[in-house]
Amino acid sequence: MGLWHVFYEDWQMECCGTPFSVGDEVSWPLLLLDPDTVLGGGWHDQLTEVAGPVTDVGGVRMVGEGTALPVALGADPDAEEDRRPEPGGWNRTAGLLSVERHGARWPEAGGLVRAVQVLTQSWAETAPGSRLYEPVTGERGLRPVDRCPEWFKEREGERAADGRGRRSRESGVVVILEVPGTDSRLSHAVREARGPRAPRDAPPRSQPP
């Protein structure tokens, strides 16, 4: 079974989500996002690579048949043209898997929740006194929990040296989802870390005298 990092953003959960716990079976519509557009980027350890033929499902471009994981491809809302691959071709791409509860519908990925971590992100004012906040690249932390919260916390921080206000916000959760019939780089890394397993019918090792 494949292990996949999935980001469940705070507002997606607070608006339309259902809290879940480690060990729960879940089914989510997954969207592959450009990681640089999510909370200032820096998602090196949570990136996912999917590959396979591109299909069109009700106007939604999907890829992932090669990994048996149904994934929709996100479009850049600021781009002047749609740069997503055309249906009928084959595509390999990497990005951040996220849960998308709004807009069009497409086939969901079902699996077992293996781990949940609350992501805390630092935010800073765009200018002193602006009251408009943007994520601070590279300033985030992960805290393991047994259950995803329904509501996320926020607290004010000390002002930066340049006078900009700062705050710390729980901006969602990072989930490790185990999806049957799939494989992933994360699964491969876990297998390598565990090392080769002895065959079940292998005779026991002899003990030294």
Side-chain angles (χ1 to χ4, degrees), residues 1-35 37-43 45-50 55-65 67-75 77 93-123 133 135 140-155 167-187 190:
M1 294 189 180
L3 299 174
W4 306 87
H5 283 115
V6 179
F7 178 50
Y8 206 133
E9 204 164 356
D10 55 346
W11 68 273
Q12 294 273 3
M13 172 57 66
E14 292 178 346
C15 170
C16 309
T18 301
F20 52 89
S21 300
V22 174
D24 283 354
E25 294 278 355
V26 298
S27 181
W28 297 328
L30 299 182
L31 179 67
L32 192 70
L33 298 175
D34 179 349
T37 66
V38 183
L39 298 179
W43 295 91
D45 295 334
Q46 292 85 23
L47 295 186
T48 289
E49 183 179 87
V50 295
T55 58
D56 186 284
V57 180
V60 177
R61 305 279 172 84
M62 300 196 67
V63 70
E65 188 174 318
T67 58
L69 187 77
V71 176
L73 298 176
T93 186
L96 180 67
L97 278 181
S98 67
V99 178
E100 178 54 63
R101 289 292 188 188
H102 299 77
R105 295 182 180 274
W106 57 86
E108 299 185 355
L112 180 70
V113 176
R114 284 298 188 184
V116 182
Q117 294 176 300
V118 173
L119 183 146
T120 301
Q121 174 71 46
S122 294
W123 297 70
Y133 287 80
R140 68 171 63 109
L142 294 169
R143 185 181 80 255
V145 295
D146 293 327
R147 182 172 175 80
C148 174
E150 183 175 4
W151 304 100
F152 293 81
K153 300 176 182 178
E154 180 178 309
R155 65 178 179 83
R167 60 179 51 168
S168 177
R169 180 189 304 169
E170 293 179 349
S171 299
V173 293
V174 175
V175 179
I176 294 182
L177 186 67
E178 183 179 308
V179 181
T182 70
D183 199 5
S184 66
R185 288 187 174 183
L186 178 57
S187 303
V190 170

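Residues: numbered from 1 along the sequence shown. Note that the coordinates shown come from a computational prediction; the quantities given were computed from them, not determined experimentally.
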Is any side-chain heavy atom of [X] closer than 4.5 Å to a side-chain heavy atom of [Y]?
| X | Y | result |
| --- | --- | --- |
| V174 | R140 | no |
| M13 | P19 | yes |
| D10 | E170 | no |
| P135 | V38 | no |
| H5 | F7 | no |
| L69 | L97 | yes |
| C15 | R101 | no |

First locate atom [atom1] of [X], then atom [atom2] of [Y], and finally report the distance between them rounded to the nearest 0.5 Å.
| X | Y | atom1 | atom2 | result |
| --- | --- | --- | --- | --- |
| L3 | T48 | CG | OG1 | 10.5 Å |
| L33 | L73 | CG | CG | 10.0 Å |
| L119 | W43 | CG | CH2 | 4.5 Å |

Can any side-chain N or O of [X] pair as donor or acceptor with the backbone N or O of [Y] at less than 3.5 Å?
| X | Y | result |
| --- | --- | --- |
| R167 | Y133 | no |
| E14 | F152 | yes |
| W106 | D56 | no |
| E178 | L112 | no |
| S98 | L31 | yes |

Please report the closest heavy-atom contact between [X] and [Y], naming both atoms and the distance.
| X | Y | answer |
| --- | --- | --- |
| P180 | G111 | CD-CA, 4.3 Å |
| S168 | T120 | OG-CG2, 3.0 Å |
| V50 | L32 | CG2-CD2, 3.9 Å |
| P107 | M62 | CD-SD, 3.6 Å |
| P35 | G95 | CD-CA, 3.9 Å |
| G110 | V179 | O-CG1, 3.5 Å |

ask   = Given F20 and V173, is the side-chain contact (heavy atoms from CB on, under 4.5 Å) satisfied, shown in steps?
value = CA-CA 11 Å; F20 52 89; V173 293; 4.2 Å; yes
**Prompt:** Where does the angle between the aromatic ring planes of W28 and Y8 fall among parallel (under 30°), tilted (30 to 60°) and perpendicular (over 60°)?
**Reply:**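 Aromatic pair W28/Y8 classed perpendicular.
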### Message
Tell me whether R147 at atom CZ has more than 12 heavy atoms from other residues, nucleotides or ligands lying less than 6.0 Å away.
### Response
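Yes, because the 6.0 Å sphere around CZ of R147 holds more than 12 heavy atoms from other groups.
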Test side chain to side chain donor-acceptor pair (under 3.5 Å) applied to R169 and Q121, step by step: CA-CA 5 Å; R169 180 189 304 169; Q121 174 71 46; over 6 Å; no
